Amino acid sequence: MGWLFILPNLVGVALFTFVPLVSVVVLAFTDWNLVSGLGGIEFIGADNFTNVLADPLFWGSVGRTVVYAGVSVPLTVLFGMALALALDRDVPGRGALRAVFFMPYIVSTVAIGMTWLMLMNPSAGLVNQVLGAFGLTDLPAWFASSYWALPALIVIAIWSGVGYAAVIYLSALQDAPTDLYEAAEMDGAGPWRRFRTITWPSLLPTTVFLMVTLFIGTSQGFGLVALLTAGGPGDATTVLSFYMYQTGFQFYRFGYAAAIGMVTFVGVLALTLAMWRAQRGKALND
């Protein structure tokens with residue numbers, strides 16, 4: 001009876017998770033153009049992986065993804081920690097403030113994208129109007145500029161993720177060892193020393209968790225890029241996820257797109273394991 005109850009969910013997971021995963025692995029070793037149909041699938045071994053590693057467009061998208069995630073994720077974690085430490089005190093309306101800061105994380109990508117598209121409009125957007133009020137004349141074109149498009153996406157990623165990081169940090173701060181804080185205060189330790197010796201070590205596992213999950217999410221981010229820039233201007237915002245989409249669903253090279261996905265998975269996995277390994281033995285409870 002128990003298996004019968006979970007059968008619908010198992011069927012859904014099998015059809016929409018396991019089957020696509022296996023299909024990607026199989027397709028990565030084939031040359032398949034969707035236009036040719038299933039009969040056009042040709043097994044070519046590891047040629048796709050060889051071509052991916054020699055593809056300058058792939059490495060260009062890797063570099064943009066590293067910049068996009070490498071800047072936005074640490075700043076999101078830093079601002080989220082600062083916000084959590086501020087909201088962890090007896091602040092009036094603390095519950096409402098938590099909800100307000102967390103709201104951007106649960107709002108749909110389309111709503112976020114359209115809002116920032118209006119805010120960063122080069123001629124009538126609020127952002128440029130504020131910058132102009134401070135006397136700036138050479139105002140950024142934001143999404144229409146190959147120089148400013150990626151920084152604009154980074155700002156949006158930080159803005160939408162800070163609330164999530166703050167809520168996770170607030171949960172971790174509830175488990176902070178109060179007896180150690182009391183002992184440190186009795187010994188005359190100041191706020192900075194208490195943070196460095198107690199707060200930071202106790203938050204280290206949470207920090208690694210946020211770094212890993214946010215990096216994975218950001219490196220797979222597709223919605224904002226597709227909605228706001230479509231990888232442009234030129235290829236200024238063509239990150240890995242959008243490059244995979246272009247290769248598979250615009251150029252119909254599904255085997256090559258699958259190989260890009262496999263290489264990306266291996267790279268993200270290696271980075272994730274490195275981050276987990278780097279924090280081992282450094283947490284307060286280790």
Side-chain angles (χ1 to χ4, degrees), residues 10-73 109 146-147 149-150 153-154 157 211-278:
L10 287 178
V11 171
V13 171
L15 288 178
F16 299 108
T17 302
F18 292 121
V19 171
L21 284 174
V22 173
S23 300
V24 166
V25 175
V26 173
L27 284 175
F29 295 93
T30 66
D31 180 18
W32 180 38
N33 188 315
L34 182 63
V35 179
S36 63
L38 294 177
I41 298 178
E42 179 185 356
F43 181 78
I44 59 173
D47 288 355
N48 280 330
F49 296 97
T50 304
N51 294 333
V52 165
L53 296 178
D55 184 0
L57 296 177
F58 168 76
W59 289 111
S61 64
V62 169
R64 286 183 286 273
T65 303
V66 169
V67 172
Y68 180 45
V71 175
S72 64
V73 170
T109 302
S146 59
Y147 181 80
L150 189 58
L153 289 174
I154 290 172
M211 291 286 289
V212 169
T213 55
L214 288 174
F215 184 83
I216 293 173
T218 305
S219 63
Q220 294 176 342
F222 170 80
L224 285 177
V225 175
L227 179 66
L228 297 177
T229 65
D235 59 358
T237 57
T238 303
V239 293
L240 269 172
S241 57
F242 194 78
Y243 183 52
M244 278 188 282
Y245 162 78
Q246 283 184 316
T247 304
F249 294 97
Q250 290 185 1
F251 306 137
Y252 303 116
R253 300 177 62 192
F254 278 86
Y256 195 70
I260 295 173
M262 292 290 294
V263 173
T264 303
F265 166 76
V266 172
V268 173
L269 178 62
L271 184 60
T272 300
L273 293 175
M275 285 192 287
W276 278 112
R277 188 175 183 84

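The analysis underlying the following values was restricted to heavy atoms, covering all of them including side chains, and did not include hydrogens, waters or symmetry mates. Fair warning: this is a prediction, and the values are worked out from it, not measured in the lab.
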According to the ring-ring contact (aromatic ring centres under 6.0 Å, His included) rule, which pairs have a member within residues 42-63, sequence neighbours left out?
F29-F49

A259 versus V52, closest heavy-atom pair with distance:
CB-CG2, 4.0 Å

If I take atom CG from residue L224 and atom CD1 from residue I154, how far apart are they, to the nearest 0.5 angstrom?
12.0 Å

Considering all heavy atoms of both residues, which atom of A28 and which atom of A258 are nearest to each other, and what is their separation?
N-CB, 3.7 Å

Heavy atoms of P20 and L15 approach each other most closely as CD-O, 3.3 Å

What residues form a side chain to side chain contact (heavy atoms under 4.5 Å, CB included) with T30, not counting sequence neighbours?
L27, W32, I41

More than 12 foreign heavy atoms under 6.0 Å from OH of Y252: is that the case here?
no

Within residues 225-236 or reaching into it, pairs that qualify as side chain to side chain donor-acceptor pair (under 3.5 Å) - sequence neighbours excluded:
T229-T237

Between R64 and T238, the two heavy atoms sitting closest are NE-O, 3.0 Å

In chain order, what residues pass the side chain to side chain contact (heavy atoms under 4.5 Å, CB included) check against V13, with sequence neighbours excluded?
N9, T17, F18

With a cut-off of 3.5 Å and sequence neighbours excluded, list every side-chain donor-acceptor pair involving residues 261-273.
unit_1 : atom_1 : unit_2 : atom_2 : d
T264   : OG1    : I260   : O      : 2.7
T272   : OG1    : V268   : O      : 2.8

Return the minimal non-hydrogen interatomic distance between L240 and T65, and the atom names on each side.
N-OG1, 2.9 Å

Is there a side-chain contact between L21 and V25 (heavy atoms, below 4.5 Å)?
no

Distance-only, no hydrogens or angles: does the T109 side chain make a donor-acceptor pair with backbone N or O of G223 under 3.5 Å?
no

Set of side chain to side chain contact (heavy atoms under 4.5 Å, CB included) partners for V22, sequence neighbours left out
V26

For residues 241-250, which residue pairs pass the side chain to side chain donor-acceptor pair (under 3.5 Å) check, not counting sequence neighbours?
D55-Y243

Taking all atoms of both residues into account, what is the closest heavy-atom pair of Y68 and A157, and its distance?
OH-CB, 3.9 Å

Does atom OH of Y147 have more than 12 heavy-atom neighbours, drawn from other residues, nucleotides or ligands, at distances under 6.0 Å?
no

All pairs passing side chain to side chain donor-acceptor pair (under 3.5 Å) where residues 38-53 contributes a residue, at least two apart
none

